[in-house]
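Everything quoted here is computed from the prediction, not taken from an experiment.
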Amino acid sequence: MNLREQTDDNSMLTDKQLRDQIVTLIFAGHDTTASTLALALYELSRDEDLQSCFHDEIDNIETPIDRVTLNSLPVTDQIVTETLRMYPAVYVIPRIAEREMTMMDYRIPNQSQVWLGVRQVQTDERFYESPDTFDPSRWEEGIKQSIPDFAFAPFGGGPRFCIGRQFALTEAKLALAIIGRKYTLHRIDHSDYPPESQNHSNTPDPPLTADMTLRLTPGTEFYLSER
């Protein structure tokens, strides 16, 4: 709480400004990454083939998994990227129209609030083949270079682009790889506990709750075993 930052006019941050910065860090750096990790683990838990590829990749790393090691984990990177595509924690972005405009025959008055549907765009078949299928391998072919700039925008874009993007990506990949090195997870449906080894690819879509962030519905359970 003793931290203060110089501002352009040589004054110090007020207590309210400091509080706002701390709230931003806690919200943007904790809840969003936790949601991404939970949903990535959910998808891994119901796809035995994907989980096997993931485990093979991290098992080939003999050194401790750290920031440098992440460059050698393309499958882990693709899993996190695909999770952010299908389940962006920030699933809508609010903006204010700076002028009156018309979009798809709808009139948007000046100064009206507009909500941009990030998840709707990122699951649009105009930009992605089989958009409702969780398929990390789609990111192998340089798809980011072939789609429009805002067809993948889990961190927003433009001048309000998330300042914590690189930190969040590094944190999510590191955590996922470290968890995967130590544990195997299976989703619990309470009809098969503990679950036998099986392919969960036919299970329903994740139970989602859309509050301030898009996240796995509280109460969703996993069976965890040490590897």
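Within a 6.0 Å sphere centred on CE of Met101, other residues, nucleotides and ligands contribute more than 12 heavy atoms. Crowding of Glu129 atom CD: a count of heavy atoms from other residues, nucleotides or ligands under 6.0 Å not exceeding 12. Other residues, nucleotides and ligands contribute only 12 or fewer heavy atoms inside 6.0 Å of the CD atom of Glu98. Surrounding CZ of Phe161 are more than 12 heavy atoms belonging to other residues, nucleotides or ligands, all under 6.0 Å away. The environment of Arg19 atom CZ is sparse: at most 12 non-hydrogen atoms of other residues, nucleotides or ligands sit within 6.0 angstrom.
Here the CZ atom belonging to Arg187 is positioned 7.0 Å from the OG atom belonging to Ser45, to the nearest 0.5 angstrom. Interatomic distance, Asn71 CG to Lys173 NZ, rounded to the nearest 0.5 Å: 8.5 Å. In this structure, CZ on Phe127 lies 8.5 Å from CD1 on Ile147, to the nearest 0.5 angstrom. In this structure, Leu39 CG and Glu82 CD are separated by 12.0 Å, a value rounded to the nearest 0.5 Å. Interatomic distance, CG of Asp77 versus CG of Leu169, reported as 8.0 Å (0.5 Å rounding). The distance from atom OG1 of Thr123 to atom CE of Met86, rounded to the nearest 0.5 Å, is 7.5 Å.
Electrostatic pairing of Arg215 and Asp211 counts as a salt bridge here, judged by a charged N lying under 4.0 Å from a carboxylate O.
Glu43 meets the salt bridge (Lys or Arg N to Asp or Glu O under 4.0 Å) test with Arg46; sequence neighbours excluded. Not counting sequence neighbours, the partners of Gln113 by the side-chain hydrogen bond (donor to acceptor under 3.5 Å, both in side chains) test are Trp115. Residues forming a salt bridge (Lys or Arg N to Asp or Glu O under 4.0 Å) with Arg119 (at least two apart in sequence, or on another chain): none. For Arg99, there are no side-chain hydrogen bond (donor to acceptor under 3.5 Å, both in side chains) partners at least two apart in sequence or on another chain. The salt bridge (Lys or Arg N to Asp or Glu O under 4.0 Å) check on Lys16 picks up Asp20, with sequence neighbours excluded.
Minimum interatomic distance between Ala172 and Leu37 (heavy atoms only, all atoms of both residues): O-CD2, 3.4 Å. Here the shortest heavy-atom pairing between Phe150 and Gly157 reads CE2-CA, 3.6 Å. Summarising the geometry of Ala153 relative to Val118, their closest heavy-atom pair is O-CG1, 3.6 Å, with the distance given to 0.1 Å. A pairwise comparison of heavy atoms in Leu73 and Ala177 identifies CD1-CB, 4.0 Å as the closest pair. Closest heavy-atom contact between Ile108 and Ser112: CG2-OG, 3.3 Å. Pairing each heavy atom of Thr33 with each of Ala168, the nearest pair is OG1-CB, 4.1 Å.
The aromatic rings of Phe134 and Tyr87 lie parallel to each other, their planes meeting at an angle below 30°, with 60° marking the opposite boundary.
For the pair Arg85 and Phe152, the cation-pi test (distance below 6.0 Å, angle within 45°) is failed.
Tracing side-chain contacts under 4.5 Å through hydrophobic residues (I, L, V, M, F, W, Y), one reaches Tyr42 starting from Ile179; they form part of the same cluster. The hydrophobic cluster containing Ile178 also contains Leu70, counting ILVMFWY residues as joined when their side-chain heavy atoms lie under 4.5 angstrom apart, directly or transitively. Phe167 and Leu176 fall into different hydrophobic clusters, where Ile, Leu, Val, Met, Phe, Trp and Tyr side chains are chained together by heavy-atom contacts under 4.5 Å. Under the 4.5 Å side-chain heavy-atom criterion for Ile, Leu, Val, Met, Phe, Trp and Tyr, Phe222 and Leu50 are members of the same hydrophobic cluster. No continuous path of ILVMFWY side-chain contacts below 4.5 Å connects Met104 to Val121, so the two sit in separate hydrophobic clusters.
For Thr69 and Asp66, the side-chain atoms include at least one donor-acceptor pair closer than 3.5 Å. Of the N and O atoms on the side chains of Thr217 and Thr209, at least one donor lies less than 3.5 Å from an acceptor on the other residue.
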Please test Thr133 against Asp135 for side-chain hydrogen bond (donor to acceptor under 3.5 Å, both in side chains), starting from the C-alpha separation and ending with a verdict. CA-CA 6 Å; Thr133 300; Asp135 180 15; over 6 Å; no
Please evaluate residues Ile143 and Tyr128 with respect to the criterion side chain to side chain contact (heavy atoms under 4.5 Å, CB included), reporting the C-alpha separation (whole Å), side-chain torsions for both, the decisive distance (0.1 Å), and the verdict. CA-CA 9 Å; Ile143 187 175; Tyr128 300 96; 3.8 Å; yes
Test log, rule salt bridge (charged side-chain N to carboxylate O under 4.0 Å, His left out), inputs Lys182 and Glu226: CA-CA 6 Å; Lys182 296 181 178 180; Glu226 292 187 5; over 6 Å; no
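Under a 3.5 Å cut-off, the side chain of Arg165 and the backbone N or O of Pro154 do not form any donor-acceptor pair. In this structure, Gln122 contributes its side chain and Leu84 its backbone to a donor-acceptor pair below 3.5 Å. Under the 3.5 Å distance criterion, the side-chain polar atoms of Ser35 are matched with a main-chain donor or acceptor of Asp31. For the pair Gln51 (side chain) and Leu44 (backbone), a donor-acceptor distance under 3.5 Å is present.
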Got a list of side-chain donor-acceptor pairs under 3.5 Å for residues 53-61, not counting sequence neighbours?
residue	atom	partner	partner atom	Å
His55	NE2	Gly180	O	3.4
Glu57	OE1	Val75	N	3.3
Glu57	OE1	Thr76	N	2.9
Glu57	OE1	Thr76	OG1	2.8
Glu57	OE2	Val75	N	2.7
Asp59	OD1	Arg227	NH1	3.0
Asp59	OD2	Arg227	NH2	2.7
Asn60	ND2	Asp56	O	3.1

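Considering only heavy atoms from C-beta on, Leu116 stays 4.5 Å or farther from Val92 through its side chain. At a threshold of 4.5 Å between non-hydrogen side-chain atoms, the residues Pro94 and Val114 do not count as touching.
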